[in-house]
Amino acid sequence: MVNKIKVENLSCYYNEKCVLESLNIDVVQNEILSVIGPANSGKTTFLRTLNRMNDLDITYSRKGDVYLDDNNIFDMKMEDLRKRVGMLFAMPIPLPMSIYENIIYAPKRLGLITRKSYQDTIVERALKDASLWNEVKDRLNSSAMRMSGGQQQRLCIARILAVNPEVILFDEPCSGLDPVSTVKVEESMLELKQKYTIVLVTNNVKQASRVSDRTAFFLTGKLVEIDKTAKLFVSPKEKTTEDYITGRFG
Amino acid sequence: MIKLNPKLSQKFSYLLLCVATILAIVPVVVIIFIIIKNGASVISWEFLTSMPKNGMCGGGILPAIVGTLSIVLCAVLITLPIGVCAAIYLNEYAKDNLLTRIVKLAIVNLAGVPSVVYGLFGLGVFVMFLKLGVSIIAGALTLSIMELPVIITTARGALSSVPYSFREASLSLGVSRWQTIRHVVLPNALPGILTGAILSIARISGETAPILFTAAAFYVPHLPHSPLDQVMALPYHLFIISTQIPNMPKNIIYGTALVLLMMVLTMSCVAIVARIYFRKRRKW
Ligand SMILES: Nc1ncnc2c1ncn2[C@@H]1O[C@H](COP(=O)(O)OP(=O)(O)O)[C@@H](O)[C@H]1O
Ligand SMILES: [Mg+2]
């Protein structure tokens with residue numbers, strides 16, 4: 001077991017108000033770690049700290065360290081970090097361009113395309129890995145805004161894959177999707193685990209139990225419990241964890 | 001107080017609103033009608049493309065048209081890049097601190113300064129201090145300064161109409177802030193920026209005070225050769241032939257007004273059509 005990400009004593013604040021308190025958590029290479037917990041327990045803040053999306057928010061501040069392969073992410077250049085740690089948001093956000101351009105956008109900007117002839121290969125591979133290729137291969141040049149929600153979300157996954165990251169962060173990726181699209185996104189996550197390390201924040205406890213190797217339970221900014229998913233769902237150590245996963249919370 | 005029944009008061013307010021609207025439109029329609037009625041007869045290819053003759057009582061108004069177009073185009077070429085850059089800085093980079101707020105407030109208030117003040121400023125700074133003389137470039141710079149706040153404001157509006165989530169999506173892929181602005185924000189804000197620019201061309205074409213002391217000449221017998229030449233300009237020319245020259249044929253005055261009016265209206269229409277076109281094509 002290799003630790004891909006090490007979080008040491010991380011605390012996060014908005015306007016000096018603490019929303020995440022002395023968090024210590026490791027993410028193992030090639031696992032799916034899911035993070036569950038009620039709304040406002042700091043899950044999104046945790047994810048947005050891991051790829052420093054929150055650094056643009058002036059009300060946000062933090063203490064503690066996060067290591068990616070033993071490099072402190074707060075010493076890295078933000079662009080380099082985000083290239084290695086991709087993020088999928090709750091609502092699908094395709095850019096207002098064609099499907100093809102959406103995928104090739106980041107590789108182009110990051111200078112990953114050495115020869116123009118590679119473009120098609122990159123697009124095809126990314127779409128295949130996100131299990132979207134068969135649905136869109138005949139309309140790569142139509143606007144991404146005209147796809148269904150589930151397709152848009154998988155397009156966003158493909159877009160992340162095209163820059164070839166090491167870690168992918170999912171923030172409630174299925175909260176706006178119907179059950180069929182949800183299954184498809186979950187399938188592609190299981191597929192992606194082979195190559196990538198995944199942190200999945202989800203408000204759907206069942207989803208965590210279906211796809212993840214380990215599960216962490218957050219409550220009001222604190223990590224209550226983290227364990228193998230099979231174990232946590234069968235015999236949680238903490239009473240609050242049990243209440244939450246059995247739906248008796250509140 | 002008299003208590004009207006709901007139906008009646010509904011009718012009454014409707015009537016009131018209609019009357020107000022008509023009152024607002026009538027003067028514009030009347031002005032346009034009078035100008036067309038009196039001026040249309042002189043409009044011809046000849047009138048638009050020849051020099052004035054007989055002490056401006058005959059011939060055409062070509063130098064005034066060319067003069068106005070060159071001042072206005074120069075002004076836009078100066079304002080647009082500066083205005084868009086300033087808008088990008090204010091909208092995308094500037095931290096929300098006291099200084100930024102003062103700058104934003106200043107920009108809003110600058111848009112309300114009377115245009116004659118800009119004219120005098122241009123006279124002092126560009127014509128005299130920088131020794132540009134009364135010239136196209138001095139007039140264009142003066143108009144630029146006057147139009148800058150407007151361009152910045154419309155450009156900022158266009159930039160902030162691009163959803164914030166697009167920026168986040170791009171940044172989260174490791175794309176830098178500038179590239180995100182350059183390749184996602186700007187292309188989507190461009191239609192708004194351009195329509196704003198066209199509207200401000202229309203607006204400054206008719207301005208007289210800022211060019212009065214900085215660019216416009218009473219009469220120039222040739223077309224401009226360089227940006228340092230004085231030129232005739234439509235609004236100023238109109239003022240001169242209406243007030244300074246006795247026995248000026250009335251139809252030439254109205255014809256000149258009509259040309260200026262058409263120039264401004266055409267550009268406004270282009271802006272409106274462009275806006276509709278881009279809105280239809282917009283993908284979000
Ligand atoms: N941008 C922000 N500014 C201020 N407070 C925030 C911001 N984002 C989140 N919060 C607060 O931080 C806490 C944790 O939020 P979040 O991380 O979004 O939790 P979760 O994703 O688990 O719902 C909440 O109390 C929320 O109100
Ligand atoms: Mg959240």
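Chain letters run A, B, ... following the sequence lines, proteins first and then strands; every chain starts at 1.
Highest contact tally toward chain B, considering only A:Arg109, A:Lys77, A:Glu79, A:Lys83, is held by A:Arg109 [criterion: heavy-atom pairs under 4.5 Å].
Closest of all the heavy-atom pairs between B:Thr180 and A:Tyr105 is CA-OH, 3.9 Å. Across all non-hydrogen atoms, the minimal contact from A:Pro94 to B:Phe166 is O-CE2, 3.8 Å. Between A:Val163 and B:Leu173 the shortest heavy-atom distance is CG1-O, 4.3 Å. Nearest heavy atom pair, residue B:Leu171 against residue A:Leu56, reads CD1-CD1, 3.4 Å. The two residues B:Ala169 and A:Leu95 come nearest to each other via the heavy atoms CB-CD2, 4.2 Å.
Other residues, nucleotides and ligands place no more than 12 heavy atoms under 6.0 Å from the CZ atom of A:Arg125. Environment of NZ in A:Lys137: crowded, with over 12 heavy atoms of neighbouring residues, nucleotides or ligands closer than 6.0 Å. Other residues, nucleotides and ligands contribute more than 12 heavy atoms inside 6.0 Å of the CZ atom of A:Arg139. Counting heavy atoms of neighbouring residues, nucleotides and ligands inside a 6.0 Å radius, atom CD of A:Gln29 exceeds 12 of them. Surrounding OH of B:Tyr277 are at most 12 heavy atoms belonging to other residues, nucleotides or ligands under 6.0 Å away. Other residues, nucleotides and ligands contribute only 12 or fewer heavy atoms inside 6.0 Å of the CD atom of B:Gln10.
Considering NZ of B:Lys95 and CD1 of A:Ile58, their distance stands at 8.0 Å, rounded to 0.5 Å.
Looking at A:Arg48, the atoms closer than 4.5 Å to chain B (heavy atoms on both sides) all sit in the side chain, from C-beta outward.
Side-chain contact between A:Met97 and B:His183 is absent, with no heavy atoms from C-beta onward closer than 4.5 Å.
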